[in-house]
Amino acid sequence: MALERTFSILKPDVVRRNLIGKVLAKFEEAGLRPVALKKIHMTRAQAEGFYAVHKDRPFFGELVEQMIASPVVVQVLEGENAILKNREVMGATNPANAADGTIRKEFALSIGENSVHGSDAPETAAEEIKFFFTDAEIVG
Ligand code: CMP
């Protein structure tokens, strides 16, 4: 097993409903450690840049509007196999398909307001961490 870092967002639906602590507990209980964490209100340019890979998808406009509607928490999670573990803890993108005990099963409102984002591979994790954090902000 390898010690990895991955990128995670607690989306507006979590922050708005005062669920930051409950969602962070799910990560910590799974052995994932926040090594950088901040609350931000994403700009439109940030949201469009971060989700650029989805720019031709029909849900892109709605996704950007939802991500900039109110603040989010962005974080870097560290742990053994953190990228895969984070995705297991999050559950399927569509909460209707998410397994019991996952964050999306427990907290997500819809496929758009699905509570959390997590990197899907080592390359995207590195890019997404860099998008929001400097090296100096990450304290392992
Ligand atoms: P996320 O992991 O943040 O990555 C892209 C987001 O687009 C996804 O979670 C969902 O919140 C949102 N989204 C909205 N509709 C869809 C869809 N039909 N398929 C995939 N993602 C969607």
Side-chain angles (χ1 to χ4, degrees):
M1 291 220 285
L3 191 67
E4 287 178 339
R5 286 179 176 169
T6 190
F7 176 74
S8 162
I9 304 177
L10 276 50
K11 294 189 178 186
D13 70 275
V14 166
V15 178
R16 204 186 312 129
R17 290 179 291 157
N18 218 18
L19 295 171
I20 294 172
K22 287 195 168 143
V23 173
L24 288 181
K26 290 278 198 188
F27 294 119
E28 292 186 332
E29 283 160 11
L32 293 167
R33 179 178 298 274
V35 290
L37 183 149
K38 60 189 173 189
K39 186 178 184 184
I40 61 166
H41 196 148
M42 263 193 223
T43 63
R44 181 174 297 276
Q46 276 178 314
E48 287 179 350
F50 182 77
Y51 281 119
V53 67
H54 295 304
K55 68 180 188 315
D56 296 326
R57 308 283 291 274
F59 56 82
F60 182 69
E62 190 184 355
L63 173 61
V64 169
E65 294 304 329
Q66 285 172 338
M67 293 303 290
I68 67 174
S70 57
V72 300
V73 171
V74 290
Q75 60 173 340
V76 179
L77 293 169
E78 184 178 87
E80 294 293 333
N81 290 324
I83 297 164
L84 185 62
K85 194 174 285 178
N86 180 34
R87 292 182 71 78
E88 286 170 2
V89 174
M90 291 195 300
T93 303
N94 185 345
N97 302 327
D100 284 349
T102 62
I103 291 168
R104 284 167 169 161
K105 175 74 175 192
E106 225 162 285
F107 301 112
L109 301 174
S110 64
I111 192 167
E113 294 190 297
N114 63 352
S115 298
V116 280
H117 165 83
S119 310
D120 61 3
E123 302 72 34
T124 42
E127 281 169 23
E128 291 178 355
I129 289 169
K130 262 209 184 107
F131 196 92
F132 285 105
F133 291 98
T134 64
D135 286 347
E137 288 177 302
I138 303 171
V139 184

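In what follows, every heavy atom counts, from backbone to side chain, and hydrogens, waters and symmetry copies are set aside. Just follow the structure's listing: the first ligand is 1, and inside any ligand the first atom is 1.
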Check: Counting heavy atoms only, which of Y51, F50, F59 comes nearest to atom 7 (O) of ligand 1?
Finding: F59

Margin query: Determine whether a donor-acceptor pair (N or O, by modelled atom type, separation under 3.5 Å) exists between the side chain of R104 and the backbone of S115.
Written below: no

Next item on the list: Report whether I40 and V35 are members of the same hydrophobic cluster (ILVMFWY, side-chain heavy atoms less than 4.5 Å apart, transitive linking).
Entry: yes

Notebook entry, point to check: Is it the side chain, the backbone, both or neither of H54 that has a heavy atom closer than 4.0 Å to ligand 1?
Noted result: side chain

Check: Can you tell me if K11 has a non-hydrogen atom under 4.0 Å from ligand 1?
Finding: yes

Notebook entry, point to check: Hey, which atoms in ligand 1 end up nearer than 4.0 Å to a heavy atom of G112?
Noted result: 11 (O)

Can you list, pair by pair, the side-chain donor-acceptor contacts under 3.5 Å of residues 129-138, counting residues two or more places apart and other chains?
from: T134; atom 1: OG1; to: E137; atom 2: N; distance (Å): 3.4
from: T134; atom 1: OG1; to: E137; atom 2: OE1; distance (Å): 3.4
from: E137; atom 1: OE1; to: K38; atom 2: NZ; distance (Å): 3.3
from: E137; atom 1: OE1; to: T134; atom 2: N; distance (Å): 2.9
from: E137; atom 1: OE2; to: K38; atom 2: NZ; distance (Å): 3.1

Check: Do any heavy atoms of R87 fall under 4.0 Å from ligand 1?
Finding: no

Checklist line | ligand 1 versus M90: contacting region, heavy-atom distance under 4.0 Å | finding: neither

Item checked: Contacting atoms of ligand 1, where contact means under 4.0 angstrom from a heavy atom of R104 -> 2 (O)

Notebook entry, point to check: Where the side chain of R44 meets the backbone of V64, is there a donor-acceptor pair that is under 3.5 Å apart?
Noted result: no

Item checked: Taking atom 2 (O) of ligand 1 as the reference point, the nearest protein heavy atom with its distance -> H117 ND1, 3.1 Å

Next item on the list: Please confirm whether the backbone N or O of F7 pairs with a side-chain atom of S119, one donor and one acceptor, at under 3.5 Å?
Entry: yes

Check: Backbone N or O of G101 within a donor-acceptor pair of the K26 side chain at under 3.5 Å?
Finding: yes

Check: Heavy atom under 4.0 Å from ligand 1: found in L63's side chain, backbone, both, or neither?
Finding: side chain

Next item on the list: Considering heavy atoms of the protein only, find what lies nearest to atom 10 (C) of ligand 1 and give residue, atom and distance to 0.1 Å.
Entry: I111 O, 3.1 Å

Item checked: Donor-acceptor under 3.5 Å (N114 side chain, T93 main chain) -> yes

